[in-house]
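Encoded as structure tokens, the structure appears first; notes follow it.
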Amino acid sequence: VQLQASGGGLAQAGDSLTLSCAVSGRTLSTYAMGWFRQAPGKEREFVGRITSSGGMAYYATSVKGRFTISRDNGKNTVFLQMGSLRPEDTAVYYCAADAPPLTPIASMRRMIGYDYWGQGTLVTVSS
């Protein structure tokens, strides 16, 4: 399974940006998908997760209400729509796939709960 994240770039505070994660090698519909980010000098942190069907999404408190995760299983692609961007959103963003048997929701924020990772895409938000 290969994940390719794209869509990062430079944005200003208050802007919106959408990241994409293209998945190849397996049918996406059986995987739960997560987004993580790593700011300079900090540990990688959970951003959000979407269930395999796309029926439910979960978010970190820091992005809830501003970010939205969606997926198009027919196109094997997951999206992270980021709105009202802040300088503290600056980070490398990673998508990750959780293969069956799926990680329990109680552990969804842990990196160990994901089996495959993309290479990351950099988002820089200026004030």
Side-chain angles (χ1 to χ4, degrees):
V1 177
Q2 293 186 328
L3 284 69
Q4 180 75 39
S6 62
L10 182 63
Q12 293 188 332
D15 281 354
S16 298
L17 201 62
T18 298
L19 306 183
S20 300
C21 177
V23 181
S24 60
R26 285 289 189 273
T27 301
L28 181 63
S29 60
T30 61
Y31 288 64
M33 297 295 295
W35 285 96
F36 287 73
R37 67 185 182 185
Q38 188 166 16
K42 295 187 177 181
E43 294 185 352
R44 195 171 301 188
E45 64 175 4
F46 173 81
V47 172
R49 174 185 172 99
I50 189 167
T51 57
S52 55
S53 67
M56 186 71 72
Y58 307 86
Y59 301 94
T61 302
S62 59
V63 306
K64 196 170 185 179
R66 300 189 298 121
F67 290 12
T68 301
I69 300 175
S70 60
R71 62 193 294 159
D72 184 338
N73 286 342
K75 295 183 178 179
N76 269 19
T77 304
V78 180
F79 304 96
L80 177 65
Q81 296 172 273
M82 305 185 293
S84 301
L85 284 166
R86 304 168 180 170
E88 54 264 40
D89 294 320
T90 294
V92 177
Y93 283 73
Y94 299 89
C95 57
D98 177 16
L102 299 178
T103 297
I105 294 301
S107 299
M108 67 177 176
R109 291 174 174 78
R110 302 177 64 193
M111 290 176 54
I112 197 172
Y114 298 83
D115 303 284
Y116 305 99
W117 291 81
Q119 86 290 355
T121 185
L122 176 63
V123 173
T124 303
V125 183
S126 62
S127 57

According to a 4.5 Å side-chain heavy-atom criterion applied to Ile, Leu, Val, Met, Phe, Trp and Tyr, with indirect links allowed, do Leu3 and Val92 form part of one hydrophobic cluster?
no
Flag side-chain contact, heavy atom, 4.5 Å: [X] against [Y]:
{"X": "Val47", "Y": "Tyr59", "answer": "no"}
{"X": "Arg71", "Y": "Thr51", "answer": "no"}
{"X": "Tyr31", "Y": "Val1", "answer": "yes"}
{"X": "Met82", "Y": "Leu19", "answer": "yes"}
{"X": "Thr30", "Y": "Ser52", "answer": "no"}
{"X": "Leu28", "Y": "Met33", "answer": "yes"}
{"X": "Leu17", "Y": "Asp15", "answer": "no"}
{"X": "Phe67", "Y": "Leu85", "answer": "yes"}

Distance-minimising heavy-atom pair for [X] and [Y]:
{"X": "Ser126", "Y": "Pro87", "result": "C-CG, 4.5 Å"}
{"X": "Gln81", "Y": "Ser70", "result": "OE1-OG, 4.2 Å"}
{"X": "Ala57", "Y": "Ile69", "result": "CB-O, 4.4 Å"}

Test applied, side-chain contact (heavy atoms from CB on, under 4.5 Å); reference residue, Tyr94; option that passes from Arg44, Met111, Gln119, Arg37
Arg44
Taking the six-membered ring for Trp, are Trp35 and Phe46 ring centroids under 6.0 Å apart?
no
Kindly say whether [Y] contributes a backbone atom to a donor-acceptor pair with the side chain of [X] at under 3.5 angstrom?
{"X": "Thr124", "Y": "Leu10", "value": "no"}
{"X": "Thr90", "Y": "Val125", "value": "yes"}
{"X": "Asn76", "Y": "Ser24", "value": "no"}
{"X": "Arg66", "Y": "Ser62", "value": "yes"}
{"X": "Thr103", "Y": "Gly113", "value": "yes"}

Any side-chain donor paired with an acceptor under 3.5 Å for Arg49 and Tyr114?
yes
Starting from the C-alpha separation in whole Å, work towards a yes-or-no answer on side-chain contact (heavy atoms from CB on, under 4.5 Å) for Glu45 and Phe36.
CA-CA 5 Å; Glu45 64 175 4; Phe36 287 73; 5.8 Å; no
